[in-house]
S.K.: 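To start, I am sharing the structure in question, which I have written as structure tokens.
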Amino acid sequence: MKRIIYIILLAMGLAAVAPMASLVDNNVAAVYAADARAKAKAQREKEKAKLQKAREKAKAKAAKEREKKKKEQAKAAAQKQKAREKAKAQQAKAKQSSASNKQVASKATAPKVDNSLSAAEEKAQYMEQIAAIDKANAKAEAYNNRDITHRLGFWGQVGYSNLFTSGIAFDDKAQTGFQNKDKGFVGGGLGLGYQLRYKQFLMTVGAEFNTYNSIMGISNQPDGSVLRSFGMEPYATTMTYTYNFAKMQDQLIGGFAQVPILFGMELKKLPLFWQAGLKAGIGVWSGSKISGTMTTTIQDNELIDGLVDMYNHSLVTDQDFDRPATSVKWGLNLAATAEIGVNFDQWINASPRLRLSLFADYGFLNALSYKAAAPASAKAQTDLPAQLLATANPLDFPTNSALATSSAANAKVNPFLVGAKIAVWFDLPRQKKYTRDYPKKPTPRMGVYMFDENSALALGGVAVQITNTESGKQMQKNTNRQGLLQGRFAPGEYRISATKNGYFPSDTVLQSVEEFTFDTLRLPLRRIPAPIIYTLCMNVYDEESHEPVEAAARLTALTDTVVLYAAQASDDGFIETPLTEGDYIAHFTATGYMPKDDTIHFVRDTADIFLRHIKEGIKVKIENLFFATNKTVILPTSEQSMSDLASFLLQNPSVTIHITGHTDAVGSDEANQILSEGRANAVRADLIKRGVAPERMTAEGKGEREHVADNDTEEGRQLNRRVEFTITGTGDEDIQQVF
């Protein structure tokens, strides 16, 4: 009945985890173990067959992929060889055609470049590399993202323990009625181990040391005592000694080294986990002691009452004794174990990881090794009651544990431990597989072929300038003898222009370069005809009186500052020079007049130039004066205009001016007023830096109020954005203009 109650308690504690049937005897345990071994073997065979099938399938797939890759490589090699042969044939044909038809060519054709790989082959090779890297990186990412954790940890456990003892047969049980009663005690242990977590599943192995404690009560009387009575010689007929051994108990301690193997899982939605499995161990330490109380009485028929507490006659009442007993030998132990608990990862998501659980261990093999016992004396082979009754001195009996006597020859011990367990786990660092970087994409190729527009012949030595429209980066190369230039360029849009002595510069051409392409741009150059020289005639007049002015003139090209022509006008203001058709900048200066720049488009024509006489009240716009957008910063391109104005003021120290800034109508009135004032003051500050006295200049801004053109067009707004100055005084002196 006692064993059934313990089994019911164990089943109730583990009902939510792994219900287990109570193993009553060795036959049931053997059947259970055989069934478990058969199931485990079948499962191993099934997993082995499944693994072998997966290996064969993977092997077949790999062989198929290798065969496919080999075919693709062979096909690519054939295409590559074919392309090379075709390029060589075309090159030979182009050379032969150029040699035989050098004087007359119907149309210019750019020869193909002899490269080891075509653009298509280059792309195929690169994409093959990318595919291989993608495959390797996918495997690495899958490996790194596995939901698997390796842990090392330790744990401690404590609770109620017992050594369930059965099969003890006292020799004189029929005569005296001796019996034993098992009482539980505190037990526990320590362990360390390894845990594997895959997704929600757990596997734990390790090593631990557990102690199982039990107290065995011994008695043959209803009040729990053992009695011994005998007559005292020579008064045996009249005097009887009675020894009452009360509170007799045999305390046992068993220490087992065990290897636990558990399987379980962590719940997804709740911070709970469970594990169940087996613990295989062996006894490595034991302890035993017997304790109790002895009361001695003498009954004499001639006395009315018994004699007690007579120390002179060794009649001692309630004499306690507690002495070590012969150690018990423990053997193999195989225990079923299960636990359910709480993990604290939800609140402490870091290593180490804390686990708190309830557990139960029940050994279903006989852990007692009686045959290994080595009793201290021959009396140890007898039952405990017999030992007590066989000695002359009541306390001089052999101290042998009940499990080390012949009474335990057929005894069976099942260790049991149930309680609380706390474990600490440390996550092991995971080995990470690193992904491979992609190779740099092959830079696209571009070719430029230059030829004479009229003869269609290739032009070597042409300077080709290639400019990236986004970065502004420029590169200049010359074409070879075949009129060809080629190179590799980053994807993007490029401006391409070419120049060669004796030819007009080519118009700028936009060429888009894309990945894995090789395009050849064909550009013709037109030969410059022999120039026709004409004579440019210019008449310089006073703007108000239209009288001739003796002025100095200087001519430069629009795109260059090199002086092409410089001369002094005659008395009648006439200037002439030989000149070809084109656009030029003419700069005129004369004493007492404002300098003037004019753009002249010359086509066999005569130009009339009018200069403005310097006097008070003259308003002059400062030409070629440029500011940063919506700012008062004067740009470097305004250097010539500011230098000319400073020279004029320094050479005419009596002249004073008033500088006025104007804006277009874009923006608010307040912002435009501030901008116009800032630009006028910027001009004044720049002139001061150049040596002009500050008191000779005043400045103001008029915003958008005095516009000179329509603000609805960009051309009109550009004319309205200006800075002017008005001559406010000359000091009644002759104005000397020195350029």
Side-chain angles (χ1 to χ4, degrees), residues 472 554 556-563 585-589 593-599 611-612 614 617-709 711 713-729 735 737-739:
R554 182 184 65 177
T556 61
L558 283 178
T559 59
D560 199 352
T561 59
V562 177
V563 177
I585 295 178
H587 184 75
F588 301 92
T589 59
Y593 290 87
M594 293 297 299
K596 184 172 184 179
D597 289 332
D598 263 356
T599 300
L611 298 182
R612 182 177 295 182
I614 298 174
I618 292 179
K619 181 182 295 185
V620 181
K621 177 185 176 183
I622 304 176
E623 299 290 347
N624 299 319
L625 177 62
F626 304 101
F627 292 89
T629 304
N630 291 328
K631 294 183 180 179
T632 61
V633 178
I634 300 175
L635 297 178
T637 52
S638 308
E639 173 62 26
Q640 188 62 50
S641 295
M642 294 304 301
S643 178
D644 288 344
L645 181 56
S647 297
F648 164 70
L649 293 173
L650 292 174
Q651 294 298 328
N652 299 278
S654 62
V655 174
T656 59
I657 62 173
H658 179 70
I659 305 170
T660 307
H662 301 273
T663 67
D664 56 26
V666 178
S668 65
D669 294 345
E670 182 180 359
N672 287 333
Q673 178 63 31
I674 294 173
L675 182 61
S676 64
E677 291 176 359
R679 289 183 172 179
N681 284 312
V683 171
R684 181 175 181 271
D686 187 84
L687 292 173
I688 292 173
K689 289 181 181 179
R690 296 175 187 270
V692 181
E695 61 272 10
R696 296 176 58 194
M697 299 174 291
T698 57
E700 71 168 333
K702 292 192 176 182
E704 60 186 67
R705 295 192 299 274
E706 296 183 1
H707 57 84
V708 295
N711 278 303
T713 64
E714 178 57 33
E715 293 78 6
R717 290 192 291 271
Q718 187 174 358
L719 292 174
N720 290 331
R721 296 190 294 267
R722 67 196 188 280
V723 176
E724 301 171 336
F725 69 88
T726 304
I727 297 178
T728 57
I735 303 301
Q737 166 62 27
V738 179
F739 184 74

S.K.: Side-chain donor-acceptor pair under 3.5 Å between S676 and T663, yes or no?
M.R.: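 Side-chain D/A pair, S676 to T663: absent.
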
S.K.: Please step through side-chain contact (heavy atoms from CB on, under 4.5 Å) for the pair L687 and M642, ending with a clear verdict.
M.R.: CA-CA 7 Å; L687 292 173; M642 294 304 301; 3.9 Å; yes

S.K.: Using 0.5 Å steps for rounding, measure from the CG atom of N630 to the CG atom of N672.
M.R.: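 These two atoms lie 8.5 Å from each other.
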
S.K.: Looking at every heavy atom in both V666 and D664, which two are closest together, and how far apart are they?
M.R.: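 Closest pair (atom of V666, atom of D664, distance): N-OD1, 3.1 Å.
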
S.K.: Show the numbers, then the answer: is there a side-chain contact (heavy atoms from CB on, under 4.5 Å) between L675 and F627?
M.R.: CA-CA 11 Å; L675 182 61; F627 292 89; over 6 Å; no

S.K.: Walk me through it: do N624 and Q640 pass the test side-chain contact (heavy atoms from CB on, under 4.5 Å)?
M.R.: CA-CA 8 Å; N624 299 319; Q640 188 62 50; over 6 Å; no

S.K.: About how many Å separate CD of E639 and CG of D686, when rounded to the nearest 0.5 Å?
M.R.: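 It comes to 7.5 Å.
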
S.K.: Short question: side chain of R679, backbone of V633 - any donor-acceptor pair under 3.5 Å?
M.R.: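 Here the side-chain-to-backbone pair does not exist.
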
S.K.: Side chains of T698 and H658: any donor to acceptor distance under 3.5 Å?
M.R.: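 There is such a pair between these side chains.
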
S.K.: Mind checking the CG-CG spacing from D644 to L649? Nearest 0.5 Å is all I need.
M.R.: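 D644 CG to L649 CG: 11.0 Å, rounded to 0.5 Å.
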
S.K.: Taking atom OG1 of T632 and atom CD1 of I674, what is their separation to the nearest 0.5 Å?
M.R.: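 Rounded to the nearest 0.5 Å, the OG1-CD1 separation comes out at 11.5 Å.
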
S.K.: Once you round to the nearest 0.5 Å, how far does NE2 of H707 lie from CZ of R722?
M.R.: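 Taking NE2 in H707 and CZ in R722, the distance rounds to 9.5 Å.
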
S.K.: Output the distance between atom OG1 (T660) and atom NZ (K621), rounded to the nearest 0.5 Å.
M.R.: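 So the gap between those two atoms works out to 14.0 Å.
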
S.K.: For the residue pair S641 and E623, what are the closest heavy atoms and their distance?
M.R.: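 Of all heavy-atom pairs spanning S641 and E623, the closest is OG-O, 2.5 Å.
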
S.K.: Please report the shortest heavy-atom distance between A699 and N681, naming the atom on each side.
M.R.: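 Distance-wise, the nearest heavy atoms are CB-OD1, 3.5 Å.
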
S.K.: Any side-chain heavy-atom pair from P694 and R684 closer than 4.5 angstrom?
M.R.: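 The answer is yes, as the side chains (C-beta and beyond) meet within the 4.5 Å cut-off.
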
S.K.: Answer yes or no: does atom CD of E670 have more than 12 heavy-atom neighbours from other residues, nucleotides or ligands under 6.0 Å?
M.R.: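 No, the 6.0 Å shell around CD holds no more than 12 heavy atoms from other groups.
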
S.K.: Quick one, E704 and N720 - any side-chain contact, counting heavy atoms below 4.5 Å?
M.R.: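 Sidechains of N720 and E704: no contact.
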
S.K.: In terms of heavy-atom contacts, does NZ of K619 have more than 12 from other residues, nucleotides or ligands at under 6.0 Å?
M.R.: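 12 or below, so no.
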
S.K.: Show your reasoning for whether side-chain contact (heavy atoms from CB on, under 4.5 Å) applies to L645 and F725.
M.R.: CA-CA 10 Å; L645 181 56; F725 69 88; 3.6 Å; yes

S.K.: For atom CD of E700, is the number of surrounding heavy atoms from other residues, nucleotides or ligands below 6.0 Å larger than 12?
M.R.: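 Atom CD in E700 is crowded, with more than 12 foreign heavy atoms closer than 6.0 Å.
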
S.K.: Would you say I688 and M697 make side-chain contact, with heavy atoms under 4.5 Å?
M.R.: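 Yes, side chains in contact.
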
S.K.: Have E677 and Q673 got a donor and an acceptor in their side chains that come within less than 3.5 Å?
M.R.: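 Yes, a side-chain donor-acceptor pair sits under 3.5 Å.
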
